[in-house]
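Below: one structure, written as structure tokens.
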Number of protein chains: 2
Amino acid sequence: MALKYSRQREAIKEFMMSRKDHPTADSVYMHIRDEYPNISLGTVYRNLQLLTELGELQKIRVGDGLDHFDADTSLHYHFYCNECGAVIDMNMDSIKEINDIASKTFDGIIESHNLTFSGICGKCIPKS
Amino acid sequence: MALKYSRQREAIKEFMMSRKDHPTADSVYMHIRDEYPNISLGTVYRNLQLLTELGELQKIRVGDGLDHFDADTSLHYHFYCNECGAVIDMNMDSIKEINDIASKTFDGIIESHNLTFSGICGKCIPKS
DNA sequence: TACAAATCAGTAATGATTACTGAAATTATA
DNA sequence: TATAATTTCAGTAATCATTACTGATTTGTA
């Protein structure tokens, strides 16, 4: 039942920590294959899921139907580019009090919130 | 190229307008079958998509991996119950200025934002 | 070193959604 | 009103992301 070390998991973790672009499972798979050509896509999915449960990663859903992952597990917001699909970190302060504000007009327990922006990113503006 | 009337689309539209629980395509399909036993799931998907493009519906993604639809196309927020999966409207005011606030620290064009809360809804608190 | 348990690679299965096809319904026109 | 043109439909097959399964390999421990 105990957690055992695995090179693959370690490689996935290191890759994720080196990234700020919130890769999907498939994107991780493509990159990890440089180092581990035989790694299986299932292994990537399983370890991303495991690392998320361990609190080392955060699963991010920005509305494109794909699961993105982020090694920065602090509360922060994201931007999704409708043009190129990039997921970018927002620098604005997170609004911690918003859960309390929302609670006042809601019958239930609010545990968390997710705020995602979308539009056109800086790189795509010239093209559009 | 012109849009033609269809009973099925009209039925889907009316069903959606009678609902406040943000049904998924499958849920719409199940209900519409009472009236149209032969309707196809593909027809439901196609018309939900079409009605969304026409601006009569709004597609909502609350992070459960399913597409929910809402006949209330105004800007408002939703709550997702981690216990029963219900998607519930929030009564709080929408923060229109938040796009401007976010724009100040972001290089790109922010067109919209999506704010979703999650936790345990009123009906599920007694059980938990 | 040897055993038990976790992890793996490879592959099959799942579930939501989309695409395809020939038939039926709707609209425009004669 | 009949006909032709075009959209929409039902039914089904295909796609895509993700998850589950299986027998072989790794890892931790005695």
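Within every chain, numbering begins at 1; the chains are lettered A, B, ... in the order of the sequence lines, protein sequences first and strands thereafter. Quick caveat: nothing in here was measured; it's all calculated off a predicted structure.
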- Please confirm whether R33(A) makes a cation-pi placement over Y29(A), using NZ or CZ under 6.0 Å from the six-membered ring centre and within 45° of the ring normal. yes
- Item | dC9(D) OP1/OP2 closer than 4.0 Å to side-chain N/O of S40(B) | no
Polar pairs (N or O, both sides) under 3.5 Å between protein and nucleotides 16-18 of chain C?
unit_1	atom_1	unit_2	atom_2	d
dT17(C)	OP1	D67(B)	N	2.9
dT17(C)	OP1	D67(B)	OD2	3.4
dT17(C)	OP2	Y45(B)	OH	2.5
dT17(C)	O5'	Y45(B)	OH	3.3

- Query: Where the side chain of N38(A) is defined as all heavy atoms beyond and including C-beta, which of dA10(D), dG10(C), dC9(D) is the nearest nucleotide?
  - Reply: dG10(C)
- Within this structure, what is the CD-to-P distance between E10(A) and dT7(C), rounded to whole angstrom? 12 Å
- Query: Do other residues, nucleotides or ligands put more than 12 heavy atoms under 6.0 Å from the CG atom of D93(B)?
  - Reply: no
- Item | Expected output: side-chain H68(A) to main-chain P23(A) donor-acceptor under 3.5 Å | no
- To the nearest angstrom, how far is I12(B) atom CD1 from dC9(D) atom C1'? 11 Å
- Message: Just by distance, no angles: are the side chains of D70(B) and H76(B) close enough, under 3.5 Å, to form a donor-acceptor pair?
- Response: yes
- Rounded to whole Å, the CD-C1' distance (Q8(A) to dG10(C)) equals 13 Å
- Query: Taking for each residue the nucleotide of DNA chain C bearing the nearest heavy atom, is the 5' side occupied by S6(A) or by R7(B)?
  - Reply: S6(A)
- side chain to side chain donor-acceptor pair (under 3.5 Å) contacts in which one or both residues fall within residues 37-52 of chain A, not counting sequence neighbours: R9(A)-N47(A), T43(A)-R46(A), Q49(A)-E53(A), Q49(A)-K59(A)
- Quick one: R46(B) CZ to dT12(D) C1', roughly how many Å, whole number? 13 Å
- Nearest-Å distance, CD1 (I39(A)) to P (dT26(D))? 14 Å
- Pick base, sugar-phosphate or nothing for R9(B), based on heavy-atom distances below 4.0 Å to the nucleic acid. sugar-phosphate
- Might you point out which heavy atoms bring I32(B) and F15(B) nearest each other, and give the distance in Å? CD1-CB, 3.9 Å
- Query: Would a distance-only check, ignoring hydrogens and angles, find a side-chain to backbone donor-acceptor pair under 3.5 Å from R61(A) to G63(B)?
  - Reply: yes
- Please report, rounded to the nearest Å, how far the C1' atom of dA9(C) is from the CD atom of E35(A). 17 Å
- Measure the distance from CG on N47(A) to C1' on dT27(D) and round it to the nearest whole Å. 14 Å
- Task: Check whether any side-chain N or O of H113(A) sits under 3.5 Å from a backbone N or O of N99(A) as a donor-acceptor pair, and report yes or no.
- Result: no
- Would you check if the side chain of H22(A) reaches a backbone N or O of V87(A) as a donor-acceptor pair within less than 3.5 Å? yes
Contacts under 3.5 Å, N or O only, protein and nucleotides 28-30 of chain D:
none

- For L48(A) and dT19(D), give me the distance from atom CG to atom P, rounded to whole Å. 10 Å
